[in-house]
Visitor: 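Attaching a single structure in structure tokens format; questions to follow.
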Amino acid sequence: MSGTYPAYCQLGYNVTETQAFSRPMPTTVTRFPPSPTGYLHIGGARTALFSWLHARQRGGRFLLRIEDTDRQRSTDTSVRAILDSMAWLELDYDEEPVFQSRRMDRYRQVIDRLLTSGWAYRCYCTKQDLEHMRKQQRARGEKPKYNGRCRVGQAPPTDAASVVRFKNPREGTVIVDDLIKGKIIIDNRELDDLIIARSDSTPTYNLTVVVDDMDMGITHVIRGDDHINNTPRQINILKALGADLPIYAHVPMILGEDGKRMSKRHGAVSVMQYREDGYLPHALLNYLIRLGWAHGDQEKFSRDQMLDMFDIRQVQRGAAVFSPEKLQWLNYEYIKAAAPAELLRHAREHFEHAGIDIEREEGVEGAVRLNQDRSKTLKELVERSLLFFRPPDHYDPKAANKHFTGGAAQILTELIDAFRDIDPWSAEHIHDCLHRIAERHGLGLGKIAQPVRVAVAGVAVSPPIDETLALLGKMQTLDRIQAALNFIAKGA
RNA sequence: GCUCCCUUCGUCUAGUGGUUAGGACGCCGGCCUCUCACGUCGGUAACAGGGGUUCGAGUCCCCUAGGGAGCGCCA
């Protein structure tokens with residue numbers, strides 16, 4: 001056992017001892033293996049969702065593996081971000097996450113086994129040798145590959161550094177019957193002897209993946225199709241190890257609007273960014289499942305429906321372009337349909353961010369109810385609700401110009417008197433009162449409602465004026481109208 | 001360059017040999033209306049191209065073009 005683990009292993013995630021995985025079972029086992037070099041992005045979230053769904057819908061297990069063999073680039077904040085993102089999306093996994101950095105001994109053991117069984121060999125070629133080799137091959141229009149110079153064991157140069165290469169079969173083909181792409185046939189001659197252990201004896205990606213998938217008893221490997229090229233190599237190693245082959249499903253990538261692979265420059269790509277921007281986790285999940293998969297004309301899926309209807313074999317073979325607009329539409333749909341109390345649970349952090357303590361403020365749920373069908377994000381919901389908790393600190397110049405002019409002052413003055421007599425203070429009574437005054441002046445309701453709206457909200461936008469005032473309360477309403485009157489008088 | 005993957009409205013997709021090629025997002029327009037929204041009605045727009053097979057092809061086969069990924073002592 002190696003004694004030094006990266007800091008994040010001590011973060012409290014209770015990493016289990018290596019090789020404590022429960023073994024062969026007829027059940028489905030899938031996994032999600034992010035490498036903690038950044039945040040969980042939406043592409044990763046989608047493959048995680050597909051894997052989760054595939055396991056859960058057949059009563060199987062879904063495991064998480066942190067691929068942190070690159071100690072240079074792996075960070076514990078990334079691990080935390082990934083785990084937090086998974087939790088936010090409610091993609092729960094069985095067993096504690098497996099950290100590859102803790103399994104080095106196991107990888108070395110497998111490499112030794114491959115070496116002694118003749119499936120691997122030491123290669124003494126230097127990086128310069130390889131670079132030269134590749135340059136020449138490229139010049140000849142060939143695919144750069146290791147030429148197998150050290151494959152036939154010659155006397156090793158004394159204490160020269162060496163790597164370990166897997167002895168890939170030189171003939172025959174590897175057939176992958178992919179659940180999404182269909183049958184893929186690769187000629188072994190296209191493959192070369194890949195490095196499985198670096199000169200510092202640490203294992204490389206293709207080796208660790210194979211060992212872990214084998215040890216974890218993974219039955220279905222669901223991953224991005226950028227891994228298709230790795231698959232035949234991994235299968236060959238698996239075979240050399242005598243392991244059962246998993247079933248593969250390579251899901252297409254998510255592209256940005258320019259058709260290029262999704263990246264930071266396409267705007268928000270991290271799951272946490274969507275959380276901060278006011279998206280509901282289920283809305284994101286719903287968007288993601290529909291990206292590359294469909295069930296007839298249905299657009300909205302509950303969790304149970306996802307579990308019930310999703311079929312990995314039906315996912316589209318081609319890449320899909322991410323559409324922020326459609327995501328936002330879905331988010332809006334879910335915000336609109338949510339029960340106010342439930343919505344509040346998700347909006348809490350956004351209210352708090354705006355300095356509003358939803359425990360202490362009254363009327364938060366009422367504000368949510370009035371604004372939920374006009375907010376595309378939780379952030380917008382909070383912004384629109386703010387007026388109920390704070391008087392306007394200024395009047396929008398455009399709105400004031402338009403609605404505080406003409407007879408506005410006169411009307412507002414009348415309104416104060418009329419409102420004083422309203423009892424009980426209800427939307428219905430306010431509504432009637434506004435109509436009476438409008439009629440008295442022979443004006444449309446707009447001429448009355450807008451000045452009031454600007455007076456209480458500071459802007460020309462709010463939920464229906466009667467309900468807005470009702471929720472705001474009589475005192476606040478009168479105070480704010482009076483303040484507006486003072487403002488108008490001062491300006492005149 | 002080589003290997004692999006992919007190709008229906010701008011975008012996400014339905015389609016499984018016979019359809020006016022459907023839905024959704026977006027966009028445009030009408031209605032509704034106290035603002036913003038909602039809602040509602042309608043509109044816009046696609047089978048990459050070319051050959052076959054077939055009575056009949058978006059659906060099957062081949063080729064071309066275009067796009068993507070990989071070709072590391074990264075994962």
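Convention: sequence-line order gives letters A, B, ...; per-chain numbering from 1.
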Visitor: Which parts of residues 132-148 of chain A get close to RNA chain B, meaning a heavy atom less than 4.0 angstrom away?
Guide: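 Here the set is A:Arg134, A:Arg138, A:Gly141, A:Glu142, A:Lys143, A:Pro144.
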Visitor: Is it the case that B:C25 (base atoms only) and A:Ser323 (side chain only) share a donor and an acceptor within less than 3.5 Å, ignoring hydrogens and angles?
Guide: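 Absent.
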Visitor: Which base, if any, makes a Watson-Crick or G-U wobble pair with B:U19, both distances under 3.5 Å?
Guide: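 Across all strands, not a single nucleotide pairs with B:U19.
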Visitor: Return the set of residues passing salt bridge (charged side-chain N to carboxylate O under 4.0 Å, His left out) with A:Asp225 (not counting sequence neighbours), or none when no residue passes.
Guide: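 With neighbours one apart ignored, the set is A:Lys181.
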Visitor: Apply ring-ring contact (aromatic ring centres under 6.0 Å, His included) to A:His435 and list each qualifying residue two or more places apart in sequence or on a separate chain.
Guide: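 Listed in chain order: A:His431.
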Visitor: For B:U7, which nucleotide is its Watson-Crick or G-U wobble mate, given both distances must be under 3.5 Å?
Guide: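 Pairing partner: B:A65.
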Visitor: Report yes if a side-chain nitrogen or oxygen of A:Thr202 is closer than 4.0 Å to either non-bridging phosphate oxygen (OP1 or OP2) of B:C73; otherwise report no.
Guide: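 Indeed not, no polar side-chain atom of A:Thr202 lies that close.
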Visitor: Could you tell me whether A:Asp129 and A:Arg134 have a side-chain N and a carboxylate O separated by less than 4.0 Å?
Guide: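 No, no charged N to carboxylate O under 4.0 Å.
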Visitor: Please list, chain by chain and in numerical order, all residues satisfying ring-ring contact (aromatic ring centres under 6.0 Å, His included) with A:His282, sequence neighbours excluded.
Guide: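 A:His282 satisfies ring-ring contact (aromatic ring centres under 6.0 Å, His included) with A:Tyr334 once adjacent residues are dropped.
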Visitor: Suppose we call two aromatic rings close when their centres sit under 6.0 Å apart. Are A:Tyr279 and A:Tyr287 close by that rule?
Guide: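 Centroid separation for A:Tyr279 and A:Tyr287: 6.0 Å or greater.
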Visitor: Would you measure the distance from the C1' atom in B:G52 across to the matching atom in B:U59 and give it in whole Å?
Guide: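 Rounded to whole Å, the distance is 15 Å.
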Visitor: Please report the distance, rounded to the nearest Å, between CH2 in A:Trp329 and C1' in B:G26.
Guide: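 Spelled out: CH2 on A:Trp329 to C1' on B:G26 is 12 Å.
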Visitor: Output one letter per nucleotide in nucleotides 57-67 of chain B: B when a protein non-hydrogen atom lies under 4.0 Å from the base, S when only the sugar-phosphate is that close, - when neither is.
Guide: -----------
Visitor: Would you measure the distance from the C1' atom in B:G58 across to the matching atom in B:A46 and give it in whole Å?
Guide: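 One C1' to the other, the span is 10 Å.
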Visitor: Nearest-nucleotide wise, let me know which of A:His435 and A:Ile228 is further upstream toward the 5' end of RNA chain B.
Guide: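 Whichever sits nearer the 5' end wins; that is A:Ile228.
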Visitor: Across the strands shown, which category fits A:Val163 at heavy-atom distances under 4.0 angstrom: base, sugar-phosphate, nothing?
Guide: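 Base contact.
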Visitor: For B:G70, which nucleotide is its Watson-Crick or G-U wobble mate, given both distances must be under 3.5 Å?
Guide: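 By the stated definition (distances under 3.5 Å), B:C2 pairs with B:G70.
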Visitor: Which residues pass the ring-ring contact (aromatic ring centres under 6.0 Å, His included) test with A:His227, sequence neighbours left out?
Guide: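 With sequence neighbours excluded, A:His227 shows a ring-ring contact (aromatic ring centres under 6.0 Å, His included) to A:Tyr205, given in chain and number order.
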Visitor: Could A:Glu383 and A:Lys379 be called an ion pair, given the rule that one side-chain N must be under 4.0 Å from one carboxylate O?
Guide: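 Looking at A:Glu383 and A:Lys379, the cut-off is not met.
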Visitor: Please list, by residue number, the residues of residues 446-472 of chain A whose heavy atoms come closer than 4.0 Å to an atom of RNA chain B; answer none if no residue qualifies.
Guide: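 Heavy-atom contacts with RNA chain B come from A:Gly446, A:Ala449, A:Gln450, A:Arg453, A:Ala460, A:Val461, A:Ser462, A:Pro463, A:Pro464, A:Ile465, A:Asp466.
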Visitor: Could I get the full list of salt bridge (charged side-chain N to carboxylate O under 4.0 Å, His left out) partners for A:Asp308, not counting sequence neighbours?
Guide: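 If we apply the salt bridge (charged side-chain N to carboxylate O under 4.0 Å, His left out) test to A:Asp308, skipping adjacent residues, there are no hits.
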Visitor: Taking the C1' atom in each of B:U11 and B:C27, what is the distance between them to the nearest angstrom?
Guide: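 Going atom to atom, C1' in each nucleotide, I get 12 Å.
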Visitor: Where do N or O atoms of nucleotides 38-42 of chain B meet protein N or O atoms at under 3.5 Å, pair by pair?
Guide:
| unit_1 | atom_1 | unit_2 | atom_2 | d |
| --- | --- | --- | --- | --- |
| B:G39 | OP1 | A:Lys336 | NZ | 3.0 |

Visitor: Enumerate the residue pairs fulfilling salt bridge (charged side-chain N to carboxylate O under 4.0 Å, His left out) with a member in residues 436-455 of chain A, sequence neighbours excluded, ordered by first and then second residue.
Guide: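 Every pair satisfying salt bridge (charged side-chain N to carboxylate O under 4.0 Å, His left out) with a residue in residues 436-455 of chain A: A:Glu414-A:Arg440.
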Visitor: List in chain and number order the residues that pass ring-ring contact (aromatic ring centres under 6.0 Å, His included) with A:Tyr395, two or more places apart in sequence or in another chain; answer none if no residue qualifies.
Guide: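 Applying ring-ring contact (aromatic ring centres under 6.0 Å, His included) to A:Tyr395 gives A:Phe404, A:Phe487.
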Visitor: Regarding A:Asp212 and A:Arg106, does a basic nitrogen lie under 4.0 Å from an acidic carboxylate oxygen?
Guide: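 No salt bridge links A:Asp212 with A:Arg106.
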Visitor: Taking the same atom, P, in B:U7 and in B:A14, what whole-Å distance lies between them?
Guide: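 The answer is 11 Å between these two P atoms.
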Visitor: How should the glycosidic conformation of B:C34 be described, syn or anti, under the criterion that syn lies within 90° of 0?
Guide: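 This nucleotide is in anti.
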Visitor: Parallel, tilted or perpendicular: which describes the rings of A:Phe301 and A:Trp293, with under 30° parallel and over 60° perpendicular?
Guide: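 The rings of A:Phe301 and A:Trp293 sit tilted, inter-plane angle from 30° to 60°.
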Visitor: Quick one: which protein N/O atoms are closer than 3.5 Å to N/O atoms of nucleotides 20-23 of chain B? Pair and distance per line, please.
Guide:
| unit_1 | atom_1 | unit_2 | atom_2 | d |
| --- | --- | --- | --- | --- |
| B:G22 | N2 | A:Asp297 | OD1 | 3.0 |
| B:G23 | N2 | A:Arg290 | NH2 | 3.3 |
| B:G23 | N2 | A:Glu299 | OE2 | 3.2 |

Visitor: Determine the interatomic distance between C1' on B:G50 and the same-named atom on B:G66; round to the nearest Å.
Guide: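 Their C1' atoms lie roughly 14 Å apart.
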Visitor: Between P on B:G72 and CG on A:Asp129, what's the gap in Å once rounded to a whole number?
Guide: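 Interatomic distance, CG of A:Asp129 to P of B:G72: 15 Å.
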